[in-house]
Protein chains: 2
Amino acid sequence: MFISKSCSYGIRSVAYLSGYPQGRYVPIRDISSDLNISYHFLTKILQMLTAANILISSRGAGGGVALAREAAAITLYDLIIAIDGDELFTGCLLRLPGCGTKTPCPMHQEWDVARGKVNHFCCHTSVTGLKQHMLLLAANPASDL
Amino acid sequence: MFISKSCSYGIRSVAYLSGYPQGRYVPIRDISSDLNISYHFLTKILQMLTAANILISSRGAGGGVALAREAAAITLYDLIIAIDGDELFTGCLLRLPGCGTKTPCPMHQEWDVARGKVNHFCCHTSVTGLKQHMLLLAANPASDL
DNA sequence: CAAATAAAAGACTCTTTTATCTTAAATTAA
DNA sequence: TTAATTTAAGATAAAAGAGTCTTTTATTTG
């Protein structure tokens, strides 16, 4: 499992927001009900993205959360770092105790090739393409879970 | 985080066993104390590897667990599948609901390039090289955790 | 056979993640 | 200013992962 469920929720929410103009506030309630995610739980996750300056938020009527910059400028890397931290991109594949810069495990170097591909993908992929897929699923929710 | 802690324990145990002749029984107690892993917990993990025909086990005096085949023929892929299942190798990167063969998410195809590297690495890497690293760490346990 | 050894199995605890529910604070609008 | 709206914050609970402890079963040895 590459990312946590929370992180998945965050990514889907940003994809959802990419369907709106940048800076346009959308209530978290709308996001949570459209994506079938617990409202209060999503609130906490999106707070992490607000703290990371990926979203902006506004309380009160007409408020909600909004993209802080254009969707194309928000990468998977940004979202994963904000919610799951950097473990995926820097930690030891085998979770070996003592594997670090001083005494890297024998696989560290070889593994870096594979991880490099993962990093590159996450750093060069935004969520813009996901919006349409989510709409398709909403139209046919029983597809293949 | 790519693999679970349990999976890491399993991998380290097989690396440990690779220091013994194939088929030679080693008590789980020895493995657990040398690797600083809870004995009873490790017992359950190694049972998974026994069930997967990666290890063989023998009860009673002189018993323990042993490699069922030569260490070089046991890959990370085998161990991860046996303990964590195939999610890492087949699941949706973004854990999107409804992402599967029928309605793959837009990233599925691109992601497969990066995942292919991960799969290839795990399928072509055995744990033989880890034994020496573990010995180094045992000699200098305070290195860099 | 009896005792010692060691894996297997089961019950239980602790921690982290995920989820729910309630209250507080800020903002808007009438 | 009062009421409605909506994020923020806090407490609590359920589920899963990780770890501990006890009992059972199988095997070997004396």
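Chain naming here is simple, since letters A, B, ... match the order of the sequence lines and numbering starts at 1 in each.
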field: Nearest-Å distance for atom pair CD1/C1', residues B:Ile31 and C:dA7
entry: 12 Å
field: A:Val65 or B:Ser58, whichever maps to the more 5' nucleotide of DNA chain D
entry: A:Val65
- prompt: A:Ala61 side chain: which of D:dA8, C:dA19, C:dT28 is closest?
  reply: C:dT28
query: Nearest-Å distance, CZ (A:Arg29) to C1' (C:dT20)?
result: 12 Å
field: Among C:dT18, C:dA8, D:dA8, the one nearest B:Ser57 by side-chain distance
entry: C:dA8
field: Whole-Å distance separating the CG atom of A:Asn36 from the C1' atom of C:dA19
entry: 14 Å
B:Leu42 CG - C:dA8 P separation (whole Å): 11 Å
Residue A:His40, side-chain heavy atoms: nucleotide from C:dT22, D:dT7, D:dC21 that is nearest: C:dT22
query: Once you round it to whole Å, what is the distance between C1' of D:dA18 and CD1 of B:Ile83?
result: 14 Å
message: With hydrogens left out and only the distance checked, is there a donor-acceptor pair under 3.5 Å joining A:Arg59's side chain and the base of D:dT6?
response: no
- prompt: Starting at the 5' end of DNA chain C, which residue's closest nucleotide do you reach first, A:Ser6 or B:Gly62?
  reply: B:Gly62
message: Mind checking if B:Leu46 touches a base, just sugar-phosphate, or nothing, with heavy atoms under 4.0 Å?
response: nothing
message: For B:His108 and B:Arg115: C-alpha separation, side-chain torsions, deciding distance, then whether side chain to side chain contact (heavy atoms under 4.5 Å, CB included) applies.
response: CA-CA 10 Å; B:His108 221 79; B:Arg115 174 152 58 195; 4.0 Å; yes
- prompt: Do B:Thr128 and B:Ser126 have a side chain donor and acceptor closer than 3.5 Å?
  reply: yes
task: Please round to the nearest 0.5 Å and tell me the distance separating atom OG of A:Ser57 and atom CD of A:Gln47.
output: 8.0 Å
task: From the options C:dA7, D:dT20, C:dA8, select the nucleotide whose nearest atom is closest to the side chain of B:Phe41.
output: D:dT20
statement: The residue, A:Ser38 or B:Thr43, whose nearest nucleotide of DNA chain C is more 5′ is B:Thr43
Side-chain-base donor-acceptor pair under 3.5 Å for A:Lys44 and D:dG10: yes
task: For the residue pair B:Trp111 and A:Phe2, categorise the inter-ring angle as parallel (less than 30°), tilted (30 to 60°) or perpendicular (more than 60°).
output: perpendicular
- prompt: Please give, in whole Å, the distance from C:dT18 P to A:Asp84 CG?
  reply: 8 Å
- request: May I have the distance from A:Lys5 (atom NZ) to D:dA14 (atom P), rounded to whole angstrom?
  value: 17 Å
query: Which part of the nucleic acid, if any, lies within reach of A:Tyr25 when heavy atoms closer than 4.0 Å are counted: base, sugar-phosphate only, or nothing?
result: nothing
task: Report the distance from atom NE2 of B:His124 to atom CG of B:Asn119, rounding to the nearest 0.5 Å.
output: 10.5 Å
query: Do any side-chain nitrogens or oxygens of B:Gln47 fall under 4.0 Å of OP1 or OP2 in C:dA9?
result: yes
field: Whole-Å gap separating P (D:dT22) and OH (B:Tyr39)
entry: 14 Å
